[in-house]
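Before any comments, here is the structure.
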Amino acid sequence: MTDPAATATVPALLVINAGSSSIKFKLYRVEGEDIALVLGGALDGIGRLPRLRVKDAAGGTLVDQSFGADEIATATAAQHIIGDWLLPRVRDYRMIGVGHRVVHGGPVYSGPVLVDDTVLATLNGFIPLAPLHQLSNLDPIRVLRERRPDLPQVACFDTAFHRGHPELSERFALPRALYDEGVRRYGFHGLSYEYVASALRRLEPEIGRGRVVVAHLGSGASACALRDGRSIESTMGFTALDGLPMGTRSGALDPGVVLHLIEQKGLSAAEVGRMLYNESGLLGLSGISNDMRELIASPAPEAALAVEFFCLKVAQAIAALATTLGGLDALVFTAGIGEHSPEVRARIAGRLAWLGARLDPAANAAGAARIEAVGSTMPLLVIPTDEERMIGRHTLRVLASLRG
Ligand code: ADP
């Protein structure tokens, strides 16, 4: 461990990304106006196969420990375990604040915000907009406020980056009153898109100024149209259920199916919700797995169908977003599948060959940053996302603005 006397004056901040079955965290040292990773970890499998894994900035394992399901049955128990592990490590630093990923900022927040009682009450009001995620996101904020009321906390929203959407992209073809009440297409994965847009601006400034579609393909999946680094439209809508099929979420669906499930099959709202959020997507299509790696490796025809369905819908969405942009200057892949699956990237690009997209098979297989072939009408890129770093940067900026 670093000598406490040497580092106790070094400012640092913590980033927490809390979901319902996992909590990710990263500790960053503050270096002027930027941040440098100290360690990052996750406690996942809460209530099933809890496992705490933490690595240092160089990727060296600091801890890899499994727990019994009843030892860490709830997110609150997970927070205690993480807190106990972190405490002696953060004691070496001067903690200046904590940044949190919060899925929903509603129609109100178009940027990160310092949490106080009023903000927390407003964010609680958005729980019905994202029941699965918002509660899990707010829980560690509440716990930390009780334990360390002196520590500033900043909420960073998945919706904020999309808040400048034109009304055309925000409306459903529903009566206006619903839009006024907040039933709109918010869009999610905003922290990921914001990070990718900033990376693109740094790596390829010319491309970053153009019309770009970013495909965030993880266990949650969406695509976003960017013009000059700004979000114009997203495939995700009122909830994180819309748009592309995902690991276990259905993606876009004829709303008549929901009526059918309720009226004809007698399912309750909760049962429909469980089906659409937890039993659909790649898992529902294949009946085998929600994990793209397993599906690609599987010889079963149902697995092949699920992979092909996913790739078709992603390609269709990219084409639709290109229409919104009035053309496409570049396509970027990111998140678990987008960063690591040459197979999926090749199939999506193959379906966009009519637009002139051409992959270089060797660069694609090698996971290079630029994977287009000579003669492709557009650059094809792979940019690893880093939502936690985006949250860390936002947090630093909000805290700096407090000091004037
Ligand atoms: P989360 O939304 O949980 O952060 P990730 O961005 O980590 O999700 O993406 C998880 C998905 O990425 C899983 O479906 C997983 O199978 C997929 N994935 C990760 N590595 C590969 C790979 N090498 N090939 C195909 N899919 C992969």
Side-chain angles (χ1 to χ4, degrees), residues 15-26 40-46 48-49 51 53 55 75 78 101 103 130 132-133 136-137 156 158 187-193 195-196 199 214-224 234-236 239-251 277-298 300 303-304 306-311 313-314 332-349 359 364-368 371 382-391:
V15 168
I16 297 178
N17 180 352
S20 54
S21 67
S22 77
I23 300 178
K24 295 180 194 163
F25 54 93
K26 285 192 176 161
L43 202 165
D44 50 27
I46 296 169
R48 292 180 302 112
L49 290 168
R51 186 170 171 189
R53 274 172 286 194
K55 292 184 172 178
R101 179 188 190 179
V103 70
L132 209 65
H133 294 104
S136 314
N137 300 156
C156 303
D158 264 320
F188 297 88
H189 288 140
L191 293 158
S192 172
Y193 293 124
Y195 178 84
V196 170
V214 182
H216 175 112
L217 310 177
S219 35
S222 70
C224 178
S234 155
T235 57
M236 275 184 168
T239 64
L241 198 53
D242 199 8
L244 306 177
M246 306 174 217
T248 61
R249 285 174 256 170
S250 64
Y277 276 100
N278 303 325
E279 299 162 7
S280 299
L282 295 173
L283 177 64
L285 282 161
S286 67
I288 296 172
S289 173
N290 62 342
D291 191 305
M292 185 57 91
R293 263 169 307 200
E294 281 180 39
L295 295 177
I296 288 174
S298 167
V307 175
E308 203 49 51
F309 184 96
F310 180 83
C311 295
K313 295 297 166 186
V314 175
V332 180
F333 294 97
T334 193
I337 301 171
E339 291 166 29
H340 302 297
S341 178
E343 171 97 27
V344 169
R345 290 193 299 255
R347 288 181 191 217
I348 294 168
L359 261 184
N364 184 38
I371 55 172
V382 179
I383 299 182
T385 193
D386 194 341
E387 288 153 307
E388 284 84 18
R389 182 169 289 275
M390 199 66 236
I391 296 168

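Note that the structure is predicted; figures quoted are calculated from it, not measured. Whatever order the structure lists them in is the order used to number ligands and atoms, beginning at 1.
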Salt bridge (charged side-chain N to carboxylate O under 4.0 Å, His left out) assessment of Arg53 paired with Asp44: CA-CA 9 Å; Arg53 274 172 286 194; Asp44 50 27; 3.4 Å; yes
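- In this structure, Tyr193 and His216 have perpendicular ring planes: the angle between them is above 60°, well past the 30° mark.
- Summary of contacts: the protein heavy atom closest to atom 14 (O) of ligand 1 is Met292 N, 3.2 Å.
- Atoms of ligand 1 lying under 4.0 Å from any heavy atom of Ala335, numbered from 1 in the order shown and given with element: 6 (O).
- Residue Met246 comes nearest to Ala240 through the heavy atom pair CE-O, 3.4 Å, listed as atom of the first residue, atom of the second, then distance.
- Listed by number with element, the atoms of ligand 1 under 4.0 Å from a non-hydrogen atom of Ser341 are 24 (N), 25 (C).
- In terms of protein heavy-atom proximity, atom 6 (O) of ligand 1 is closest to Gly336 N, 2.8 Å.
- Side-chain atoms of Glu279 and Thr248 form no donor-acceptor pair, as typed in the model, at a separation below 3.5 Å.
- Interface of Gly220 with ligand 1, defined as ligand atoms under 4.0 Å from a residue heavy atom, comprises 2 (O).
- The nearest heavy-atom contact from the protein to atom 27 (C) of ligand 1 is Arg293 CG, 3.7 Å.
- In terms of N/O distances under 3.5 Å, ligand 1 is not approached by Leu217.
- Side-chain N or O atoms of Ser298 include none that pairs as donor or acceptor with a backbone N or O of Glu294 at under 3.5 Å.
- Of all atoms in ligand 1, numbered sequentially from 1 with element shown, those under 4.0 Å from a heavy atom of Lys24 are 4 (O).
- An N or O contact shorter than 3.5 Å is missing between Ile296 and ligand 1 by distance.
- There is no side-chain donor-acceptor pair under 3.5 Å between Ser280 and Ser250.
- Compare Ser192, Ala297, Ser219, Pro342 by their heavy atoms: the one nearest to atom 8 (O) of ligand 1 is in Ser219.
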side-chain hydrogen bond (donor to acceptor under 3.5 Å, both in side chains) between Glu387 and Asn17, intermediate numbers included: CA-CA 9 Å; Glu387 288 153 307; Asn17 180 352; 4.8 Å; no
